[in-house]
J.: 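The following block contains the structure, expressed as structure tokens.
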Amino acid sequence: MRVAAGPVLVLVLAVLASPARAQAVAELTDRCGDASGGAIWCAAGATAYQAAASGIGLAGSAGSDIPGTSSTLGWRRGLGPRMALSARFTGTRIPLPDLAEALAINLPELRSTVTKASLEGAVGLFDGFRWALRYGGFLSLDLVASVGVIGLAEADGFGDNAYSAGIGARLGLLRESFDVPGVSVSAVRRFFGDVLLGAGDSPISVRFEPAATSVRALIGKEFRAAGIVAGVGWDRYSGTVTIEGPESGRRPRGVTLDGPALDRLLLFAGISRTWQVILVAGEIGWAAGFDGLPDLSVQPFDPGAGSVFGSLSLRITR
């Protein structure tokens, strides 16, 4: 049963992600067009929102929510819950339309680096049940939380940096022991505050307040030289968006809408090394791209390009 769980989870995540992935930009373009009287800049703004919101969400969520382990923290016998505090630096390269050079809905492409510096905490809430003498941690539970700063490049059209805060939980399915790996799933909700893309003299701008829901499934094992973790994830990005374009007669210059959900899958792996209570962990991963409009009007920007991300963490566990 444990062997089949991974493929089944991947299939479920793929089914969840596929409908919204294909429809989000077209839906937002249509709604913006209806509200603005058919403004031609709606397609460019919708495409930019998809790229920027998903890129910021990816930098904020990245891979595992507790770096360097796939097990829950749990409790120490007679000593209360285990706790962990991590400092993490995350970076990703995302495809982004160049709104400063946008002409109608023909969007040049650039690659922007989005970073996040964060403090992340976790505490064991429940130690779980034991299947057998060596197999424990079933339905164990950790609380996880984080705060951080999202670094956005002004040279790529962003305004000020954004700030993030998140809270969620990790559910243990199997705690790592001498002969079995750790297996867990987690869900975290993150908020990022106000973000502006298209600052300065750009003819089109997008202002939004992104949020991200992240689900992760992990498996990992500690070996003599290092610990190894691998995982699969599903992210959903959403938020209110205001799209503004150049003045055009009696049409409104901007419209504010609820941005459609943006779903995608990601894969990641990590390696860690532990010294006493201090752990250093590194992760690298890949996130799928998105579908764009049905025609090629927003070329040469390619929303289908995937994004690579990575992180480096220092964790102290008590």
Side-chain angles (χ1 to χ4, degrees), residues 1-18 20 57-58 60-75 81-84 86 88 90 120-132 135-146 166-177 180-190 211-222 227-238 261 263-272 279 281 283-288 309 311 313 315 317:
M1 184 172 63
R2 291 197 302 269
V3 174
V8 170
L9 179 61
V10 173
L11 178 61
V12 170
L13 294 181
V15 170
L16 286 171
S18 56
L58 178 62
S61 302
S64 59
D65 47 83
I66 305 177
T69 180
S70 58
S71 296
T72 51
L73 297 176
W75 280 59
R82 285 188 174 90
M83 294 178 286
S86 306
R88 187 190 320 228
T90 304
E120 304 171 357
V123 58
L125 297 181
F126 178 58
D127 207 36
F129 302 100
R130 192 171 287 275
W131 287 355
Y135 306 135
F138 180 63
L139 298 184
S140 56
L141 187 66
D142 289 346
L143 175 69
V144 297
S146 67
I167 190 166
R170 174 180 281 193
L171 181 69
L173 303 180
L174 183 65
R175 177 163 295 130
E176 180 185 345
S177 62
V180 298
V183 180
S184 64
V185 295
S186 64
V188 178
R189 180 70 169 171
R190 293 182 175 87
T213 299
S214 303
V215 178
R216 301 287 185 265
L218 300 97
I219 184 169
K221 186 77 172 66
E222 181 80 24
I228 304 294
V229 173
V232 59
W234 168 80
D235 280 355
R236 167 163 287 183
Y237 316 117
S238 60
D263 296 349
R264 70 169 162 186
L265 296 174
L266 54 95
L267 303 171
F268 59 93
I271 187 169
S272 63
L279 177 143
E283 286 185 351
I284 188 169
W286 174 85
F309 62 91
S311 68
S313 306
R315 193 188 87 203
T317 304

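What's counted below: heavy atoms across the whole structure, side chains too, no hydrogens, waters or symmetry copies. Model, not experiment: these values are computed from the prediction.
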J.: Answer yes when Asp263 and Arg236 have at least one side-chain N-carboxylate O distance shorter than 4.0 Å, and no when they do not.
T.: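 Judged by the 4.0 Å cut-off on N to carboxylate O distance, Asp263 and Arg236 do form a salt bridge.
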J.: Taking Glu120's backbone N and O only, do any of them form a donor-acceptor pair with Ser146's side chain (distance below 3.5 Å, no angle check)?
T.: no
J.: Can you tell me how far CZ of Phe126 sits from OG1 of Thr72, rounded to the nearest 0.5 angstrom?
T.: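 It comes to 10.0 Å.
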J.: Distance from Glu222 atom CD to Thr69 atom OG1, nearest 0.5 Å?
T.: 8.5 Å
J.: Using side-chain heavy atoms (C-beta onward) and a distance below 4.5 Å, is Trp234 in contact with Leu266?
T.: no
J.: Do you see a donor-acceptor pair shorter than 3.5 Å between the side chains of Ser311 and Thr90?
T.: no
J.: Between Arg175 and Asp127, is there a salt bridge with N-O shorter than 4.0 Å?
T.: yes
J.: If you measure from CZ on Phe268 to OG on Ser61, what distance do you get to the nearest 0.5 Å?
T.: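 Phe268 CZ to Ser61 OG: 11.0 Å, rounded to 0.5 Å.
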J.: Output yes when a side-chain donor or acceptor of Ser184 lies under 3.5 Å from a complementary backbone atom of Ser70, and no otherwise.
T.: yes
J.: Between Pro81 and Gly124, which heavy-atom pair has the shortest distance, and what is it?
T.: CB-O, 3.0 Å
J.: CZ of Phe138 to CZ of Phe129: how many Å apart, nearest 0.5 Å?
T.: 8.5 Å
J.: What distance separates Leu171 CG from Asp142 CG, expressed to the nearest 0.5 Å?
T.: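 Rounded to the nearest 0.5 Å, the CG-CG separation comes out at 9.5 Å.
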J.: Determine whether a donor-acceptor pair (N or O, by modelled atom type, separation under 3.5 Å) exists between the side chain of Arg216 and the backbone of Gly63.
T.: yes
J.: Donor-acceptor check, side chain of Trp75 to backbone of Leu125, threshold 3.5 angstrom: yes or no?
T.: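 Side chain of Trp75 to backbone of Leu125, a donor-acceptor pair under 3.5 Å: yes, one is there.
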J.: Check Arg170 with Asp65, please: is the shortest side-chain N to carboxylate O separation under 4.0 Å?
T.: yes
J.: Closest heavy-atom contact between Val144 and Ala122?
T.: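 Nearest pair, atom of Val144 first, then Ala122: CG1-CB, 3.9 Å.
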J.: Just by distance, do the side chain of Ser71 and the backbone of Glu176 share a donor-acceptor pair under 3.5 Å?
T.: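 Flag set: sc Ser71 to bb Glu176 pair under 3.5 Å.
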J.: Using the side chain to side chain contact (heavy atoms under 4.5 Å, CB included) rule, pick out the option among Val229, Leu218, Ile219 that qualifies with Pro181.
T.: Ile219
J.: Would you sort out whether Arg264 and Leu58 count as a side chain to side chain contact (heavy atoms under 4.5 Å, CB included), showing the intermediate values?
T.: CA-CA 10 Å; Arg264 70 169 162 186; Leu58 178 62; 3.4 Å; yes
J.: In the structure I gave you, are the side-chain heavy atoms of Leu174 and Val180 within less than 4.5 Å of one another anywhere?
T.: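 Leu174 vs Val180: side chains touch.
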J.: With rounding to the nearest 0.5 Å, note down the distance linking CD1 in Ile66 to CG in Leu279.
T.: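 Output value for this atom pair is 11.5 Å.
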J.: Does the side chain of Asp235 pick up a donor-acceptor pair with the side chain of Ser214 at under 3.5 Å?
T.: yes
J.: Taking the side chain from Glu283 and the backbone from Ser64, do they hold a donor-acceptor pair closer than 3.5 Å?
T.: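 Answer holds: yes.
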J.: For Leu73, does its backbone N or O pair with a side-chain atom of Arg82 as donor and acceptor, under 3.5 Å?
T.: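 Confirmed, Arg82 side chain pairs with Leu73 backbone.
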J.: Is there a donor-acceptor pair closer than 3.5 Å between any side-chain N or O of Lys221 and the backbone N or O of Ser177?
T.: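 Here the side-chain-to-backbone pair exists.
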